[in-house]
Amino acid sequence: MKQYVFSFYTVQGKTIVWEEAISASGMMEAFSKAQRLLVKHKQEKGVPVRVRYKGVRYRQTDIA
C-alpha cells in the first residue's frame with residue numbers, strides 16, 4: 001500500500017501546520033480519507049482547517 005501525505009493547516013490567528021500520512025490503495029481512497037480527517041479536525045479545533053496534498057511514499061521507512 002502507498003502512503004499519501006497531506007498537510008493540514010489552520011489560517012486563523014496562529015498558523016498551525018501538521019502532516020498526516022494516509023495508507024490507501026489509490027488516490028481516490030486517500031482523498032476520501034483526507035476529507036474525513038478534515039471534517040474531524042475542523043470539529044476538534046473549532047477553526048477552519050485547510051488541506052494540501054504533498055506527495056506519495058511508496059514504502060514505509062522508519063527513521064526514528
Side-chain angles (χ1 to χ4, degrees):
M1 251 188 187
K2 299 174 192 169
Q3 287 186 334
Y4 295 86
V5 181
F6 293 89
S7 289
F8 291 86
Y9 59 97
T10 62
V11 292
Q12 276 188 325
K14 190 173 98 176
T15 302
I16 302 170
V17 179
W18 68 96
E19 289 185 359
E20 298 272 348
I22 299 172
S23 296
S25 59
M27 184 67 79
M28 289 302 293
E29 181 183 359
F31 278 118
S32 64
K33 287 182 179 181
Q35 183 69 24
R36 280 185 248 135
L37 279 173
L38 179 67
V39 171
K40 180 180 137 190
H41 289 314
K42 278 184 183 179
Q43 291 173 349
E44 287 177 358
K45 303 228 183 282
V47 295
V49 178
R50 295 190 180 187
V51 65
R52 180 177 293 155
Y53 173 71
K54 285 194 73 176
V56 178
R57 286 187 208 152
Y58 288 98
R59 64 177 109 156
Q60 186 173 357
T61 56
D62 187 18
I63 51 177

Roughly how far, to the nearest 0.5 Å, is OG1 of T10 from CH2 of W18? 6.0 Å
Using 0.5 Å steps for rounding, measure from the CZ atom of F8 to the CD atom of E19. 10.5 Å
Tell me who clusters with V17, hydrophobic residues only, linked when side chains sit under 4.5 Å apart either directly or through other members. Y9, V11
Shared hydrophobic cluster, Y4 / V51 (ILVMFWY, side-chain heavy atoms < 4.5 Å): yes
Could you see if V49 belongs to whatever hydrophobic cluster contains I16? Use Ile, Leu, Val, Met, Phe, Trp, Tyr and a side-chain cutoff under 4.5 Å. yes
Under 3.5 Å, side-chain donor or acceptor atoms of residues 24-43 against the rest of the protein: list the pairs with distances, not counting sequence neighbours.
from: S25; atom 1: OG; to: E29; atom 2: OE1; distance (Å): 2.7
from: E29; atom 1: OE1; to: S25; atom 2: N; distance (Å): 3.0
from: E29; atom 1: OE2; to: K33; atom 2: NZ; distance (Å): 3.3
from: S32; atom 1: OG; to: M28; atom 2: O; distance (Å): 3.4
from: S32; atom 1: OG; to: E29; atom 2: O; distance (Å): 2.9
from: K33; atom 1: NZ; to: S23; atom 2: O; distance (Å): 2.9

